[in-house]
Amino acid sequence: MNNRSTPTYLPRKSYRARRLVDAAKLMPYLAVLLWMLPMLWQGEDANLRVSRIILYIFGVWFFLIATQIVINFFLNRVSKEVELPLEPQNKNQGDVG
Amino acid sequence: MLNILIFVCLLYVAFLFGVAFFAEQSTKINRARWLRSPWIYTLSLSVYCTAWTFYGAVGYAARSGLEYLTIYIGPSLVMFGWWVLLRKLVRIGRRNRITSIADLISSRFGKSNSIAIFVTILAVVGTTPYIALQLQSVTLSFQVFAANDDLGSSTNLADRTAIWVASGLAFFTILFGTRNLDVNERHDGVVMAIAVEAVVKLLALLAIGVFVVWGLSSGISETMARIDASSFGQWSVSNGRWATLTFLSAAAFLCLPRMFHVLVVENKDEKFLQTASWAFPLYVALISLFVVPIAVTGLSLMPVGSNPDLYVLSLPLSQGRDGLAVFAFLGGFSSATSMVIVAALALSTMISNQIVMPLWLRYTGGRASISGDVRRVVLFARRGSIALILFLGYLYYDLSGGGAALASIGLVSFAGVAQILPVMLGGLFWRGATQKGALAGLIVGFTIWLITLFIPSVGLYGASTDTILTNGIYGVSWLRPQALFGVTSLDPLVHSVFWSMILNTATFVFISLITLPSPIERLQSAQFVNVYDQSTQAQNWQAEAGKSEDLMVMAQRILGAEEAQRLFQIEVRKQGGSGYLPEATPEFLQKLERELSGSVGAATAHAMIGQIVGGMSVSVENLLAMADETAQMMEYSSGLEVQSAELRRTAGQLREANEKLTRLSLQKDAFLSQISHELRTPMTAILSFTEILRDNHGLSETQVAQYAEIIYDEAHRLTRLLDDLLDLSVLENGQVRLNLAETDIVEVINRATHTALSAKSGADLKIWVKMPKNLPRIVTDADRLGQVFLNLISNAQKYCNKAPASLRIKGVVRGTFITLDFIDNGQGVPREEQELIFEKFSRIGQPESSGAGLGLAICKEIMSRLGGDIDYLPGQGGGAFRVVLPL
């Protein structure tokens with residue numbers, strides 16, 4: 001925590017911005033994880049219905065789309081106020097909030 | 001039925017032509033705000049969904065269950081990860097004016113031509129069968145309707161369809177893809193047509209799906225029950241194929257030439273990616289939503305043995321829903337045509353930029369600044385390549401017999417272009433990737449793909465296919481194409497992708513580690529990998545004075561006169577000068593190279609500038625970019641260099657200003673003596689003859705008349721000189737009153753021409769006037785304007801020393817201005833005099849020519865009073881002046 005009496009709203013915004021970028025970067029990994037999951041199910045449950053798998057895969061699809069929309073919405077809002085970090089190794093921007 | 005289908009089809013094609021035409025027109029008149037929309041961009045990405053996915057997905061699902069989903073999951077993954085990869089790719093593409101994937105790779109690896117050629121060949125080999133597949137799908141779908149009409153499926157019909165479709169597509173692509181040589185390689189007409197087709201194919205597939213689920217079944221739950229009861233009621237996808245195919249389709253989404261074209265080259269705004277990052281996954285999710293229901297319903301309703309690839313058509317037909325079937329046909333037709341159009345466009349850009357242009361440059365003797373319009377060569381090369389590509393596609397279709405062999409080519413093609421992926425990713429994220437490594441990796445990957453997948457699948461091993469597959473190439477058992485190194489348990493596709501990607505990447509990395517990159521490669525690698533770092537500018541051209549005119553001549557030939565002049569003018573303004581020739585600073589050279597590479601590709605543009613400028617230099621900034629380990633140490637000295645460069649620049653500017661002032665002062669002195677001389681000569685004559693008249697009374701009548709005439713002439717000459725001086729001072733002080741009235745410029749020109757030609761002193765001068773039609777009348781001072789024109793024409797008469805002398809006057813409307821170029825065929829104005837000719841009292845060359853050197857100075861003043869401008873236009877092969885007038 002920052003004990004000095006610095007204005008807290010500015011750092012907090014850029015902190016949020018960086019976390020949003022983190023979320024955007026994590027999206028493909030989440031997608032891979034969820035979509036590769038069915039590979040584990042094979043042979044485990046003989047009663048597993050294809051209709052269930054279809055529901056699962058499309059469920060993942062629409063869930064990811066919705067998540068992406070939410071992330072984009074906040075990214076847009078935040079980027080109007082602070083500059084988004086561009087590169088992962090940006091030395092000038094620590095995580096001190 | 002078939003006739004109606006052909007009619008609908010033609011109607012649809014006409015509609016697409018209309019859409020493309022309308023989009024092009026809108027862009028031209030700058031009303032195309034709606035074309036710059038993320039939705040159009042997202043829809044254009046749907047060229048990914050070809051006929052293979054439109055018809056084939058259902059067949060694929062009917063044969064192998066849910067595996068077809070991987071084809072759409074891969075691209076969705078890429079889009080969800082836009083922040084990491086696509087954003088960087090698009091940024092690099094836009095910054096470096098990348099024209100194709102071959103251009104990207106070549107540009108990253110030191111603008112190397114060999115690697116560009118290799119990628120181009122790989123792309124052509126991988127895409128041609130895919131185009132054949134599209135032709136086949138259109139043909140097959142026609143046959144479905146023909147069979148329904150009991151016309152039978154004659155091969156004659158099939159051949160004719162394929163030929164017509166191929167030539168129609170070639171025509172469309174050439175018409176809208178190569179109409180002009182766009183500096184950004186963008187084609188609004190094509191993109192718009194593709195976006196419309198994207199909507200059509202989505203709606204078509206959804207309509208069929210709704211019909212199947214709610215028309216042929218009673219709803220979702222019944223459909224689900226039917227799916228569970230059908231033959232693929234169990235999850236039966238092999239894990240290896242599930243992962244491999246997902247990877248493959250993700251890789252292909254990035255590396256397919258047509259995908260790269262719509263993703264990167266046609267991208268108008270990086271922000272569009274953000275919208276596409278969820279909208280495109282939504283699009284493919286909707287496309288694949290009803291595939292399983294359609295497949296299951298088809299399997300249960302259609303007779304055994306009917307082709308599941310065509311359920312989308314045959315299902316509604318068998319239920320008597322002809323309208324729906326026609327709609328589905330249009331969907332499939334859209335999928336096929338949009339793929340072929342964009343693929344042909346992307347490949348033709350590659351072929352012309354990476355193969356034809358370098359060859360042409362080499363065989364025309366190397367010098368880029370001689371004869372001919374390069375743009376015509378480029379356009380011709382593109383048109384030729386488009387025709388060639390479609391011909392190859394047709395040929396492939398014809399030779400393969402259009403059989404089942406084609407159906408599997410989709411994935412084979414994916415695996416082929418995926419070989420570019422390691423090199424591309426390495427180039428984007430790894431500074432150490434070298435050109436040799438990239439080329440080696442590509443060659444290894446491509447070869448393995450050829451041996452293990454491409455050749456077996458298209459049957460090019462011929463009769464000995466089986467022997468080779470079981471015994472290995474040349475009987476070497478560990479070289480069995482589908483069981484390399486004795487690994488026999490893998491599915492052929494997984495096997496090929498596994499080995500080719502592993503060995504490709506390994507070779508690429510290993511060779512990169514042990515080879516050294518050239519300086520330009522290191523610069524490019526810094527540019528690419530650190531693209532977000534704005535300070536990394538590769539300014540590697542050596543500033544070269546006096547080359548500007550050569551550069552102008554070359555740029556005009558590639559970008560077109562108008563665009564080149566605009567570019568040079570902007571740079572001149574930025575450097576704080578006037579006229580059309582900027583200093584050839586490293587910054588400007590780099591900018592120019594980038595502009596040129598948008599038209600002819602990075603490698604060619606680099607070579608062309610290199611021919612003119614010659615040297616490359618490495619600045620401290622470049623070194624800094626190359627070695628970021630020592631960045632901090634060097635930052636200080638770089639700062640010093642920047643400062644001293646700035647000082648140098650300022651000193652240079654001051655020196656220039658000083659020189660100009662000195663020259664002006666000399667001129668003024670010269671003028672003063674000139675003007676005294678000019679005033680004195682007539683004065684002396686007047687004085688002496690008046691004296692004679694006063695003192696000698698015995699003069700004859702004729703003598704008196706003769707002397708009076710001389711006195712009159714000399715006085716007249718004095719008046720004219722004083723008039724000019726007065727005129728100029730009035731203009732300069734802004735006291736002039738303009739007689740503004742609606743004027744026809746052509747008339748003013750004609751009058752000036754007439755006056756100039758009828759003057760007795762005028763030498764023989766041929767004048768060609770070319771003005772645009774329907775020129776609006778403008779409000780200006782016709783007399784003053786005429787004065788300017790007359791001055792320019794009589795200058796040409798005076799100074800053009802060629803026989804026969806000729807002067808071309810050419811008017812062009814540019815937005816809210818009209819420019820009039822006066823170009824003669826003389827020797828022109830030497831570079832060092834160009835900036836002086838508009839100064840007062842300046843006279844070029846022969847001092848004995850009449851006039852006091854005020855004409856052009858007066859012209860300049862008049863034009864600025866009229867709200868326009870006049871400038872010397874260099875690089876036109878003669879003396880050339882450009883008059884700019886507001887409309």
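Every value quoted in this text rests on a predicted model; they were computed, and no experiment measured them. In what follows, chains are A, B, ... by sequence order, proteins preceding strands, each numbered from 1.
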Requested in this report: Report yes if some heavy atom in the side chain of B:Ile71 is under 4.5 Å from a heavy atom in the side chain of B:Leu411; otherwise report no.
Outcome: yes

Query raised in the report: Where does B:Val284 contact chain A at under 4.5 Å (heavy atoms): side chain, backbone, both or neither?
Result: both

Report summary line: Expected contact set for residues 64-71 of chain A against chain B at heavy-atom separation under 4.5 Å reads A:Leu64, A:Ile65, A:Gln68, A:Ile69

Report task. Indicate, with yes or no, if the rings of B:Phe253 and B:Phe280 have centres closer together than 6.0 Å. Result -> yes

Report task. Mind listing the closest non-hydrogen atom pair of A:Met36 and B:Ala243 along with its distance? Result -> SD-CA, 4.2 Å

Query raised in the report: If every non-hydrogen atom of B:Val264 is compared with every non-hydrogen atom of B:Gly93, which pair is closest and at what distance?
Result: CG1-CA, 3.8 Å

Query raised in the report: With a 4.5 angstrom heavy-atom cut-off, which part of B:Leu85 approaches chain A: side chain, backbone, both or neither?
Result: neither

Query raised in the report: By a 4.5 Å heavy-atom criterion (distance strictly below it), what part of B:Thr246 contacts chain A: side chain, backbone, both, or neither?
Result: side chain

**Report entry** Matching residue for B:Leu86 among B:Met79, B:Glu270, B:Arg91 - test: side-chain contact (heavy atoms from CB on, under 4.5 Å)
**Finding:** B:Met79

Query raised in the report: Does B:Val529 reach the side chain of B:Phe429, with side-chain heavy atoms less than 4.5 Å apart?
Result: no

Query - Part of A:Tyr29 lying under 4.5 Å from any heavy atom of chain B - result: neither

Query raised in the report: Can the ring centres of A:Trp61 and A:Trp35 be said to be less than 6.0 Å apart?
Result: yes

Report task. Taking the side chain as every heavy atom from C-beta outward, state whether B:Ile40 and B:Phe272 have any atom pair closer than 4.5 Å. Result -> no

